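Remember, it's 1-based here, ligands and their atoms both numbered in the order they're listed. Nothing fancy with the numbering, it's 1 onward along the sequence. Computed from a predicted model, the values in this text were never measured in an experiment.
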Amino acid sequence: MAAWENNVRKIDPYVPGEQPSYADMVKLNTNENPYPPAPGVTKALKELDTDALRRYPKPDAHELTAALAESCGVGFNNVFVGVGSDDVLGTAFLTFFKGRLPVLFPDVTYSFYPVWAALYDIPYETPALDENFRIVKEDYYKLNGGIVIANPNAPTTIAEPVSFIEDIVMHNQDSVVIVDEAYVDFGGETALELTKKYENLLVVRTFSKSRSMAGMRIGFAVGSEKLISYMMAVRNSYNSYTMTTPSILCGTESLKDEAYFRKTVDRIIATRENAIPRFRKMGFKVLNSSANFLFVTHENVPAKEIFMKLRERHIFVRYFEKPRIDNYLRITVGTDEEMEKLFDALKEML
Ligand SMILES: *Cc1c(COP(=O)(O)O)cnc(C)c1O
């Protein structure tokens, strides 16, 4: 190792799902939405006034923040926007978890949480989900430096009711509680209203899944003015212009079309509910999903084998070689046609 390498911050990074590009592929590995964004987004991009790109965007992403505040029924100063919810969550970890007590999140959850904790030297503990992959709320009733709960949880797809979240927040008034609602639009209950009651609760959302805009990178958080202003100060200490002019424009357009949003989300839910009994008939155990993906395990064929064989056919699903979940597959709900191709392939293989 060269001497200068002693001063390098070394970290095992988060590994995102692969982004292959084959003409014939069925891509069900990163929980993207199979439908295009709202027509207003396409129109706004086509008509984008590129002269506006000469200027810096408004640092508070004004139009988008205002539209989000309205759609969430909160004030302008209760909203923080970022470059996908990964940026929002990373900023929240950096802002709120500076103490010595461990931050708590489940052993099986979004695998980016331990990476941010490691990056920022945040101590953490991971209480185990129970044998049915449910969060045990009592595990969070102890001294801690913060709490992070994905609800619905990933990759388990299981949602807990908002009363469950409130129990956790009620028992934790002395640390910041983050609820990651990346998948809430597909069947979860939101904790948004609770942010008005508890000044230490931050709810994080994204445009990547339910709004079909993973490529535009828009995420946001809702919380008390105090929480949001602390996050703004941290963000403004490393990058004041996180949101691009096109992302502000397109995000605002997406929020204007509630009917399209509902239609595509409902379509995904319908495809999901059709798929579940079909998986079960083929010998899969399927967890009850409140998300746009399914978490499945086969009664006698190892998940890794199914994953590899599907991959050979250019059907991509997600497999995690991790304790407790290494015999499961995470399968994004695609279009009905994509699911048909998946079932055809599984039928041949199993
Ligand atoms: C997809 C996902 C995110 C991040 O998505 P962005 O594209 O960065 O908004 C955050 N949390 C969970 C649980 C996710 O699955």
(message) I'd like to know whether Lys209 forms a salt bridge (Lys or Arg N to Asp or Glu O under 4.0 Å) with Asp185, so could you lay out the CA-CA distance, the side-chain angles of the two residues, the decisive distance to 0.1 Å, and finally the verdict.
(response) CA-CA 9 Å; Lys209 279 87 184 212; Asp185 295 319; over 6 Å; no
(message) Determine whether the aromatic ring centres of residues Tyr124 and Phe105 are separated by less than 6.0 angstrom.
(response) yes
(request) Indicate, with yes or no, if the rings of Phe343 and Phe279 have centres closer together than 6.0 Å. (result) yes
(message) For atom 15 (O) of ligand 1, what's the nearest protein heavy-atom neighbour? Residue, atom name and distance, please.
(response)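 So the nearest neighbour among protein heavy atoms is Tyr183 OH, 2.5 Å.
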(message) When you measure from the side chain of Asn292 to the backbone of Asn31, do you find a donor-acceptor pair of N or O atoms at a distance under 3.5 Å?
(response) yes
(request) Of the side chain and backbone of Ser208, name the one, both, or neither that has a heavy atom under 4.0 Å from an atom of ligand 1. (result)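 For Ser208, the contact with ligand 1 is made by the side chain alone.
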Relative to the heavy atoms of [X], which atoms of ligand 1 are at a distance of less than 4.0 Å?
| X | value |
| --- | --- |
| Arg217 | 6 (P), 7 (O), 8 (O) |
| Gly84 | 8 (O), 9 (O) |
| Lys209 | 1 (C), 2 (C), 3 (C), 4 (C), 5 (O), 14 (C), 15 (O) |

(request) State whether the shortest distance between N or O atoms of Asp86 and N or O atoms of ligand 1 falls below 3.5 angstrom. (result) yes
(message) What I want to know is whether Tyr113 and ligand 1 share at least one N or O pair that is separated by under 3.5 angstrom.
(response)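 Looking only at distances, the answer is no, because the N/O contact criterion of under 3.5 Å is not met.
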(request) Would you kindly check if the NZ (Lys) or CZ (Arg) of Arg272 is within the cone defined by 45 degrees around the ring axis of Phe186 and under 6.0 Å from the six-membered ring centre? (result) no
(request) Determine, for Tyr35 and Arg267, whether the Lys NZ or Arg CZ falls below 6.0 Å from the six-membered ring centre while staying within 45 degrees of the axis. (result) yes
(request) Closest by any non-hydrogen atom to atom 5 (O) of ligand 1: pick that one out of Ser85, Gly90, Ala150, Ala291. (result) Ser85
(message) Tell me whether Phe207 reaches ligand 1 (any heavy atom closer than 4.0 angstrom to a ligand atom).
(response)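 Phe207: no contact with ligand 1 (<4.0 Å).
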(request) May I ask whether Asp180 has any heavy atom positioned less than 4.0 angstrom from an atom of ligand 1? (result) yes
(request) May I have the step-by-step check of salt bridge (Lys or Arg N to Asp or Glu O under 4.0 Å) for Glu166 and Lys137, ending in yes or no? (result) CA-CA 10 Å; Glu166 184 160 19; Lys137 65 184 175 189; over 6 Å; no
